[in-house]
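Here is the structure we will look at.
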Amino acid sequence: MKNGLYSIHVTLLDGRVGKGSGVILFRNGQVLGGDAYLYYTGSYTVKGNTFKGEVLVQRHTTPRDNDNPLFGGPAPVGIGVTGTFTDTQATMTGTALVGKASQIFSATLRKLADID
């Protein structure tokens, strides 16, 4: 994965309905990011034009009204991801373990800014 700040747009798969978006930073094997309710931390490795990694999603703000973050329960959620990338974008799939249920998702990422 090329170092940079990316937008991320997530869609649930496997017959479930849900979408989410935020920003995510990939830099030298580390992942950091977030959205209105959640923040993400993790790590990744690269081989050719593919990457794989592990991300921990945690809530930083309690949802208001009927808002329902995708992976935003009160407990942290572990996610395994794999994907492919170019210089300006990436696609990935992942599995989040939310309680006792697995949620499969896909995501598109678009590079917003380069970083060192």
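- Of all the heavy atoms in L56 and P76, the pair that sits closest is CD1-CB, 3.7 Å.
- Residues K111 and G4 share a closest heavy-atom pair of CE-CA, 4.4 Å.
- A 4.5 Å side-chain heavy-atom check between R110 and T88 finds every atom pair outside the cut-off.
- K2 contributes atom NZ, which lies 4.5 Å from atom CG of D87 (distance to the nearest 0.5 angstrom).
- Summarising the geometry of F51 relative to A90, their closest heavy-atom pair is CE2-CB, 4.3 Å, with the distance given to 0.1 Å.
- A distance of 6.0 Å or more separates the ring centres of F85 and F26.
- Here the side chains of V31 and I24 are in contact, with some heavy-atom distance below 4.5 Å.
- In the hydrophobic clustering of ILVMFWY residues, with side-chain heavy atoms under 4.5 Å counting as a link, L112 and L25 come out together.
- One finds the NE2 atom of H9 at 8.5 Å from the CG atom of L109 (value rounded to the nearest 0.5 Å).
- The OG1 atom of T41 lies 5.5 Å from the CD atom of Q58; values are rounded to the nearest 0.5 Å.
- Rounded to the nearest 0.5 Å, atoms OH (Y44) and CZ (R27) are 9.5 Å apart.
- Here the shortest heavy-atom pairing between R59 and Y39 reads O-CE2, 4.1 Å.
- When V77, I79, V55, V23 are each tested for a side-chain contact (heavy atoms from CB on, under 4.5 Å) with Y40, only one passes: V55.
- Closest of all the heavy-atom pairs between Q103 and L12 is OE1-CD2, 4.0 Å.
- Under the 4.5 Å side-chain criterion, counting only non-hydrogen atoms from C-beta, Y37 is not in contact with V57.
- When all heavy atoms of S21 and D35 are compared, the closest pair comes out as O-CB, 3.3 Å.
- Annotation: side chain of I8 is in contact with side chain of M92 (closest heavy-atom distance under 4.5 Å).
- Counting heavy atoms from C-beta outward, N49 and T86 have side chains that stay 4.5 Å or more apart.
- Judged purely by distance below 3.5 Å, without hydrogens or angles, the side chains of N28 and N3 pair a donor atom with an acceptor atom.
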